[in-house]
Visitor: 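Okay, handing you the structure first.
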Amino acid sequence: MIQGPEPEATRRSAGITESSRASRGWWDRNADEYQIEHGDFLGDDRFVWGPEGLDEAEAALLGPAAGLKGLDVLEIGAGAAQCSRWLAAQGARPVALDLSHRQLQHARRIDQEPGRAPLPLVQADAAFLPFADASFDLACSAYGALPFVADTGRVQREVRRVLRPGGRWVFSVTHPVRWAFPDEPGPEGLTAVSSYFDRTPYVEQDDRGLAVYVEHHRTLGDRVREIAAAGLRLVDLVEPEWPQWNEQEWGGWSPLRGSLLPGTAIFVCVAE
């Protein structure tokens with residue numbers, strides 16, 4: 001198989017349409033490799049908040065597991081719907097949404113295993129949720145969608161719209177401080193090389209200058225302001241510490257960096 005030239009990595013502006021198109025294409029092309037590489041860590045029905053391995057079964061950021069029974073839950077950027085499958089096992093009624101058709105095909109593949117009930121799957125953009133107002137009791141996203149969306153303020157507003165009053169919204173993203181450091185797991189990833197306040201997107205583009213991968217940066221303050229402006233109240237900000245049992249490297253995450261720098265930020269919000 002003939003491979004094209006490697007994409008060029010740069011920092012430049014990337015709007016809503018370009019970012020969405022790039023993310024859909026990238027995840028469709030890379031879903032197979034992603035599930036092969038990280039499937040064992042993620043499990044088929046486990047709710048993991050990030051590369052550190054913080055498990056919802058222990059963290060209870062959505063609330064006590066016993067209290068999830070009968071709740072309508074939206075998972076945004078669900079991938080193969082591992083988190084939704086765990087929620088269903090607690091008696092919740094999850095809907096798994098993802099932009100990538102190929103990721104959702106992996107969700108359906110897992111659901112076809114003996115003894116599993118198929119989950120409701122929806123292919124849609126997180127910035128344009130295809131649901132009626134006040135449809136869900138909870139919403140969650142474990143590294144899904146938000147890092148790849150140009151207008152995350154719109155995502156926050158959309159989540160607030162589909163949540164019932166008092167509903168909880170919990171999402172995890174790369175810790176914003178990581179954007180000042182190289183995305184490397186070794187010692188070279190421990191020296192700040194760029195400004196934390198530089199919000200210029202990271203873009204990989206092809207030889208025509210078209211984005212094939214886009215990731216967006218927001219500071220902690222940006223996130224808090226977006227949450228508040230959407231009519232949500234931030235009730236907790238969790239920065240998981242790297243556990244001793246976790247010896248894996250995942251992209252720029254590693255035991256070395258995790259012992260010194262936060263890798264994940266988890267925002268726990270409530271709809272006003």
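Counting begins at 1 with the first residue of the sequence. For clarity, every value in this text was computed on a predicted model and none was experimentally measured.
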Visitor: Using only atom types and a distance under 3.5 Å, with no angle test, would you say the side chain of D98 pairs donor to acceptor with the backbone of G79?
Guide: yes
Visitor: Please tell me whether V95 and I76 are part of a single hydrophobic cluster in this structure, the criterion being side-chain heavy atoms less than 4.5 Å apart.
Guide: yes
Visitor: The criterion is side-chain hydrogen bond (donor to acceptor under 3.5 Å, both in side chains); which residues satisfy it with S19, sequence neighbours excluded?
Guide: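 Residues passing side-chain hydrogen bond (donor to acceptor under 3.5 Å, both in side chains) with S19: H216.
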Visitor: Between the main-chain N or O of L62 and the side-chain N or O of E56, is there a donor-acceptor pair closer than 3.5 Å?
Guide: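 Side chain of E56 to backbone of L62: a pair is present.
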Visitor: Can any side-chain N or O of E58 pair as donor or acceptor with the backbone N or O of L54 at less than 3.5 Å?
Guide: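 Side chain of E58 to backbone of L54, a donor-acceptor pair under 3.5 Å: no, none is there.
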Visitor: Does R11 use its side chain to pair, donor to acceptor, with the backbone of T200 at less than 3.5 Å?
Guide: yes
Visitor: Pairs in or reaching into residues 88-134: which pass ring-ring contact (aromatic ring centres under 6.0 Å, His included), with residues at least two apart or in two chains?
Guide: F131-F136
Visitor: Any luck finding a side-chain donor-acceptor pair between R109 and Q112 under 3.5 Å?
Guide: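 Not at all, the side chains of R109 and Q112 share no donor-acceptor pair under 3.5 Å.
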Visitor: Hey, what's the ring geometry for Y213 with Y202, parallel, tilted or perpendicular (30° and 60° as the breaks)?
Guide: perpendicular
Visitor: Does the side chain of Q82 pick up a donor-acceptor pair with the side chain of Q35 at under 3.5 Å?
Guide: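 Yes, Q35 and Q82 have a side-chain donor paired with an acceptor closer than 3.5 Å.
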Visitor: Nearest 0.5 angstrom please: E75 CD to S141 OG, how far?
Guide: 7.0 Å
Visitor: Any chance the rings of F41 and W250 have centres within less than 6.0 Å?
Guide: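 They qualify: ring centres under 6.0 Å apart.
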Visitor: Heavy-atom count check: over 12 atoms from other residues, nucleotides or ligands less than 6.0 Å from D40 CG?
Guide: no
Visitor: Please work out which of the three classes, parallel, tilted or perpendicular, describes the rings of Y196 and H217, given edges at 30° and 60°.
Guide: perpendicular
Visitor: To the nearest 0.5 Å, what is the distance between CG on L146 and OG1 on T152?
Guide: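 Answer for the CG-OG1 pair, L146 versus T152, is 6.0 Å.
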Visitor: Counting only N and O atoms by type, is there a donor-acceptor contact under 3.5 Å from the side chain of D236 to the main-chain atoms of V268?
Guide: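 No; zero donor-acceptor contacts below 3.5 Å.
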Visitor: Sub-3.5 Å donor-acceptor pair from the side chain of R164 to the main-chain atoms of A271, do we have one?
Guide: no
Visitor: Listed by chain and number, what are the side-chain hydrogen bond (donor to acceptor under 3.5 Å, both in side chains) partners of D45, not counting sequence neighbours?
Guide: none
Visitor: With no hydrogens and no angle check, is any side-chain donor or acceptor of R161 less than 3.5 Å from a backbone partner on L129?
Guide: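 Confirmed, R161 side chain pairs with L129 backbone.
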Visitor: What's the separation between atom CZ in R108 and atom CG in L121, rounded to the nearest 0.5 Å?
Guide: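 The CG atom of L121 is 4.0 Å from CZ of R108, to the nearest 0.5 Å.
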Visitor: At what distance, to the nearest 0.5 angstrom, does CZ of R233 lie from CD1 of I227?
Guide: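 If I round to the nearest 0.5 Å, the distance is 12.0 Å.
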Visitor: What residue pairs, at least two apart or across chains, pass ring-ring contact (aromatic ring centres under 6.0 Å, His included) with a residue in residues 219-246?
Guide: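 Qualifying pairs, neighbours excluded: none.
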Visitor: Please report the C-alpha distance between C83 and W49 in whole Å, then the side-chain angles of each, then the deciding distance to 0.1 Å, and finally whether the side chain to side chain contact (heavy atoms under 4.5 Å, CB included) criterion is met.
Guide: CA-CA 9 Å; C83 299; W49 283 109; over 6 Å; no
Visitor: Kindly write out the residues that satisfy side-chain hydrogen bond (donor to acceptor under 3.5 Å, both in side chains) with R12, not counting sequence neighbours, or none if the list is empty.
Guide: E18, Q205
Visitor: If only atom types and distance count, is the side chain of R257 paired as donor or acceptor with the main-chain N or O of G263 below 3.5 Å?
Guide: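 A pair under 3.5 Å: no.
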Visitor: If only atom types and distance count, is the side chain of S135 paired as donor or acceptor with the main-chain N or O of A132 below 3.5 Å?
Guide: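 At least one qualifying donor-acceptor pair exists.
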Visitor: State whether the number of non-hydrogen atoms from other residues, nucleotides or ligands found under 6.0 Å of E113 atom CD is greater than 12.
Guide: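 Yes, CD of E113 has more than 12 neighbouring heavy atoms, counting only those of other groups under 6.0 Å.
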Visitor: Should R85 and D44 be marked as a salt bridge (charged side-chain N to carboxylate O under 4.0 Å, His left out) after you check the CA-CA gap, both sets of side-chain angles, and the distance that decides it?
Guide: CA-CA 7 Å; R85 224 166 270 112; D44 288 343; 5.6 Å; no
Visitor: Under 6.0 Å from the CD atom of E241, do we count more than 12 heavy atoms belonging to anything else shown?
Guide: no
Visitor: Could you tell me the separation between the CZ atom of F171 and the CD1 atom of I266, rounded to the nearest 0.5 Å?
Guide: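 Atom-to-atom, F171:CZ and I266:CD1 are 10.5 Å apart.
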Visitor: Using only atom types and a distance under 3.5 Å, with no angle test, would you say the side chain of D72 pairs donor to acceptor with the backbone of D137?
Guide: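 Flag not set: sc D72 to bb D137 has no pair under 3.5 Å.
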Visitor: Let me confirm one number: the CD-CG distance from E158 to L74, rounded to the nearest 0.5 Å.
Guide: 10.5 Å
Visitor: Which Ile, Leu, Val, Met, Phe, Trp or Tyr residues join V193 in one cluster when any pair of side-chain heavy atoms under 4.5 Å counts as a link?
Guide: none
